[in-house]
Amino acid sequence: MRITVLTGAGISAESGLATFRASDGLWENHRIEDVATPEGFARAPELVHHFYNQRRARLAEVAPNPAHHALARLARMHDLTLVTQNVDDLHERGGSAEVIHMHGELTRALCAACDHRWPAPAVMRPDDPCPACGKPTTRPDIVWFGEIPYHMDRIWDALDHADLFAAIGTSGNVYPAAGFAQHAARRGIDCPELNLADSANSRDFTHRITGPASQTVPQWVASLTAT
Ligand code: OAD
């Protein structure tokens with residue numbers, strides 16, 4: 001069976017990483033416009049680097065949870081395309097070999113001048129030179145608001161050929177990812193939503209599986225691998 005799964009911050013919440021849309025509307029005490037937009041970075045590169053340096057340090061302190069491990073098992077049984085909006089590497093550390101990071105990766109650095117990418121050092125600074133072109137134009141390899149998500153052709157193609165689409169732990173607020181369920185459901189395939197609560201686009205799914213991802217995802221995967 002061909003399966004496409006989209007994950008969001010909710011799958012990493014039980015590992016100890018904060019989700020984006022907590023009730024106060026802030027991301028780890030910062031306004032999204034300040035730390036997740038090109039304009040915010042142009043205004044205050046030191047602050048933005050510091051913010052992602054902290055996120056990278058936090059990542060080193062947490063571990064994948066049973067939901068990440070379950071998706072690695074799913075890939076061994078079915079033809080899985082795993083798409084994540086998360087910039088953490090918990091899917092990889094949970095055993096998933098191929099992960100499409102549509103919003104970039106905390107562990108990667110990007111040169112804004114020449115587009116070269118390389119493994120991010122633990123601490124990045126605005127005047128770090130790019131290892132390829134030497135310009136001090138390095139930034140986290142994160143897709144900020146107003147920028148185009150990565151690998152979209154591959155993702156739409158996977159959705160067009162999937163027999164099943166599931167979204168796990170995402171609030172359905174950020175497009176294009178929030179449009180995947182409607183796109184897949186129009187093709188008449190099964191589209192479960194796995195979430196703790198209703199999302200902004202719950203009605204686009206064929207059904208909902210409600211509960212914490214560390215419990216619902218292993219159960220859901222077991223139900224698929226048993227068939
Ligand atoms: P959000 O923080 O918007 O939503 C997290 C979702 O996870 C919510 O729907 C919660 O109900 C759900 N959730 C929380 N804990 C859960 C648990 N233990 N089990 C299951 N579900 C749980 O995060 P995203 O939808 O991923 O973009 O956010 C999308 C994008 O907005 C992010 O990729 C990021 C952000 O700004 C960029 O960085 C470009």
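Since this is a predicted model, take the numbers as computed values, not measurements. The basis for the numbers below is simple: all heavy atoms, side chains too, and nothing from hydrogens, waters or symmetry mates. Order of appearance sets the numbers: ligands from 1, and atoms from 1 within every ligand.
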Tell me which donor-acceptor pairs under 3.5 Å the side chains of residues 190-197 have, and how far apart each pair is, sequence neighbours excluded?
unit_1 : atom_1 : unit_2 : atom_2 : d
Glu193 : OE1    : Ser202 : OG     : 2.7
Glu193 : OE2    : Ser199 : OG     : 2.6
Asn195 : OD1    : Ala197 : N      : 3.2
Asn195 : ND2    : Thr170 : O      : 3.2

Self-check item: Subset of ligand 1 atoms that lie under 4.0 Å from at least one heavy atom of Ala13
Solution: 15 (N)
Quiz item: Hey, is ligand 1 close enough to Gly172 that some N/O pair sits below 3.5 Å?
Solution: no
Quiz item: Is a salt bridge present between Arg31 and Glu39, judged by a nitrogen-to-oxygen distance below 4.0 Å?
Solution: no
Quiz item: Between Ala200, Ser171, Gly211, Ala213, which one has a non-hydrogen atom sitting closest to atom 1 (P) of ligand 1?
Solution: Ser171
Quiz item: Any cation-pi pair here, Arg186 with Phe180, using under 6.0 Å and within 45°?
Solution: no
Quiz prompt | Proximity of Glu14 to ligand 1 by residue part, where a heavy atom lies under 4.0 Å | solution = side chain
Quiz item: Numbering the atoms of ligand 1 from 1, which are under 4.0 Å from a heavy atom of Thr170?
Solution: 6 (C), 9 (O), 24 (P), 25 (O)
Quiz item: Should one rank Leu196, Asn195, Asn173, Val35 by closest heavy-atom distance to atom 12 (C) of ligand 1, which comes out on top?
Solution: Asn195
Quiz item: Counting both backbone and side chain atoms, is some N or O of His103 under 3.5 Å from an N or O of ligand 1?
Solution: yes
Quiz item: Where the closest heavy atom to atom 30 (C) of ligand 1 is concerned, which of Val174, Thr19, Val217 has it?
Solution: Val174
Self-check item: Option whose closest heavy atom lies nearest to atom 38 (O) of ligand 1, chosen from Val143, Ile168, Leu6, Ile209
Solution: Val143
Quiz item: For ligand 1, which atoms sit closer than 4.0 Å to a heavy atom of Ala9?
Solution: 23 (O), 24 (P), 26 (O)
Quiz item: At their closest point, which heavy atom of His91 faces which heavy atom of His68, and how far apart are they?
Solution: ND1-CD2, 3.6 Å
Quiz item: Can you name the residues that form a salt bridge (Lys or Arg N to Asp or Glu O under 4.0 Å) with Arg208, not counting sequence neighbours?
Solution: Asp198
Quiz item: Is it true that Arg2 and Asp79 make a salt bridge, defined as a side-chain N closer than 4.0 Å to a carboxylate O?
Solution: no
Exercise. For the pair Arg43 and Asp34, find out whether any cationic side-chain nitrogen is under 4.0 Å from an anionic carboxylate oxygen.
Key: yes
Quiz item: Which is closest to atom 22 (C) of ligand 1 in terms of heavy atoms, Ala178, Gly10, Gly8?
Solution: Gly10
Quiz prompt | Which of the ligand 1 atoms, numbered from 1, are nearer than 4.0 Å to a heavy atom of Phe145 | solution = 36 (O)
Exercise. Return yes if a side-chain donor-acceptor contact under 3.5 Å exists between His183 and Asp160, otherwise no.
Key: yes
Exercise. List every atom of ligand 1 that sits less than 4.0 Å from any heavy atom of Gly169, numbering the atoms from 1 in the order shown and giving each element.
Key: 5 (C), 6 (C), 7 (O), 21 (N)
Quiz item: Does NZ or CZ of Arg55 fall inside the cone over Phe51's six-membered ring, less than 6.0 Å from its centre and within 45° of the axis?
Solution: yes
Quiz item: Taking the non-hydrogen atoms of Ser199, is any one of them nearer than 4.0 angstrom to ligand 1?
Solution: no
